[in-house]
Amino acid sequence: QVQLVESGGGSVQTGGSLRLSCVMIGYTFSSGSMVWFRQVPGKKRDGVAAIDKDGKTSYADSVKGRFTISHDNAKNTLYLQMNSLKPEDTAMYYCAASPLGGNAIQALEVPLVNYWGQGTQVTVSS
């Protein structure tokens with residue numbers, strides 16, 4: 001059974017940093033992409049960063065230059081380093097596995113998610 005377990009969320013002030021982690025249990029990242037999404041109440045879930053099996057990355061325009069996605073094969077863990085956080089980054093963040101989602105660019109443009117994590121809340125105050 002596949003489980004994606006996120007952690008690292010919390011409350012920070014504008015300009016602060018957080019690092020989200022997603023431990024992948026029962027899943028080996030060997031195809032497609034891994035994606036971080038975020039969602040605020042009443043709005044759809046949006047992809048913010050993706051990494052494919054070749055290590056290529058893609059980012060939503062709203063987070064480019066501030067967020068960095070990475071993957072540690074030895075720990076089977078996905079990360080999202082978030083710097084220069086803004087109040088508009090406040091959301092529930094979800095880790096997702098997209099084995100059929102193609103490369104990182106494709107995974108963000110047309111999400112095809114097979115597995116979701118439970119989410120971790122990020123709150124940025126002004």
Side-chain angles (χ1 to χ4, degrees):
Q1 183 178 353
V2 173
Q3 284 185 281
L4 305 179
V5 182
E6 301 103 329
S7 63
S11 296
V12 295
Q13 292 189 324
T14 297
S17 298
L18 285 172
R19 188 176 80 155
L20 306 183
S21 299
C22 172
V23 177
M24 294 177 274
I25 301 169
Y27 182 80
T28 300
F29 181 25
S30 59
S31 66
S33 296
M34 295 295 299
V35 187
W36 283 101
F37 289 81
R38 67 185 181 188
Q39 186 174 27
V40 297
K43 294 192 175 182
K44 69 179 182 71
R45 197 171 292 187
D46 291 322
V48 294
I51 185 168
D52 60 35
K53 65 178 180 60
D54 296 322
K56 293 187 173 57
T57 58
S58 182
Y59 298 92
D61 288 343
S62 58
V63 306
K64 276 181 185 174
R66 300 188 298 121
F67 289 12
T68 303
I69 188 171
S70 62
H71 177 257
D72 185 325
N73 286 324
K75 296 182 178 180
N76 211 25
T77 300
L78 181 73
Y79 300 101
L80 185 68
Q81 177 66 45
M82 305 186 295
N83 298 328
S84 302
L85 283 162
K86 305 175 181 180
E88 51 263 45
D89 295 317
T90 295
M92 185 72 80
Y93 283 72
Y94 298 90
C95 162
S98 182
L100 304 177
N103 63 33
I105 295 174
Q106 293 167 333
L108 269 191
E109 290 183 348
V110 186
L112 293 173
V113 175
N114 285 56
Y115 305 104
W116 292 97
Q118 83 287 353
T120 185
Q121 178 68 35
V122 171
T123 303
V124 185
S125 57
S126 57

Can you see which heavy atom on L4 is nearest to which on A97, and at what distance?
CD1-N, 3.7 Å
When you look at CD of Q13, are more than 12 heavy atoms from neighbouring residues, nucleotides or ligands closer to it than 6.0 Å?
no
Please report the closest heavy-atom contact between S17 and N83, naming both atoms and the distance.
OG-OD1, 2.9 Å
Do you reckon L80 sits in the same ILVMFWY cluster as I51, going by side-chain contacts under 4.5 Å, direct or chained?
yes
State, yes or no, whether a side-chain contact exists between N76 and V23 at a heavy-atom distance under 4.5 Å.
no
To the nearest 0.5 Å, what is the distance between CG on N114 and OG on S98?
6.5 Å
Any side-chain heavy-atom pair from M82 and V12 closer than 4.5 angstrom?
no
Taking C-beta and beyond as the side chain, do M24 and Y115 meet within less than 4.5 Å on heavy atoms?
no
Applying disulfide bond (SG atoms under 2.5 Å apart) as the test, list every pair that has at least one member in residues 14-126; sequence neighbours left out.
C22-C95
In the single-linkage hydrophobic clustering (I, L, V, M, F, W, Y; side-chain heavy atoms under 4.5 Å), do Y94 and L18 co-cluster?
no
Within-4.5 Å side-chain heavy-atom neighbours: V63 and R38:
yes
Is any side-chain heavy atom of D54 less than 4.5 Å from a side-chain heavy atom of N103?
no
dist E88:CD -> S126:OG (nearest 0.5 Å) comes out at 10.0 Å
Distance-minimising heavy-atom pair for S21 and T77
CB-CG2, 4.2 Å
Trace of the salt bridge (charged side-chain N to carboxylate O under 4.0 Å, His left out) decision for K64 with D61:
CA-CA 5 Å; K64 276 181 185 174; D61 288 343; 3.1 Å; yes
Please give me the minimum heavy-atom distance between G117 and E6, naming the atom from each residue.
CA-OE2, 3.2 Å
Do the side chain of Q106 and the main chain of V110 share a donor and acceptor less than 3.5 angstrom apart?
no
For residues A50 and L108, report the shortest heavy-atom separation together with the two atoms involved.
CB-CG, 3.9 Å
Provide the full list of ring pair (Phe, Tyr, Trp, His ring centres under 6.0 Å) pairs with a residue in residues 33-76, sequence neighbours left out, each pair given once.
F29-H71, F37-W116
So if you build clusters from Ile, Leu, Val, Met, Phe, Trp, Tyr with side-chain heavy-atom gaps below 4.5 Å, do L78 and V2 land together?
yes
Working to the nearest 0.5 Å, report the span between CD of Q81 and CD1 of I69.
12.5 Å
Kindly compute the distance separating OG (S62) from CG (D89), expressed to the nearest 0.5 Å.
7.0 Å
Where is the tightest heavy-atom contact between Q118 and V5, given as atom of each residue plus distance?
OE1-CA, 3.7 Å
Side chains of L20 and V122: closer than 4.5 Å at any heavy-atom pair?
yes
Does R19 reach the side chain of Y79, with side-chain heavy atoms less than 4.5 Å apart?
yes
Close side-chain approach of T90 to V40, heavy-atom, < 4.5 Å
no
Heavy atoms of other groups near L112 CG, more than 12 under 6.0 Å
yes
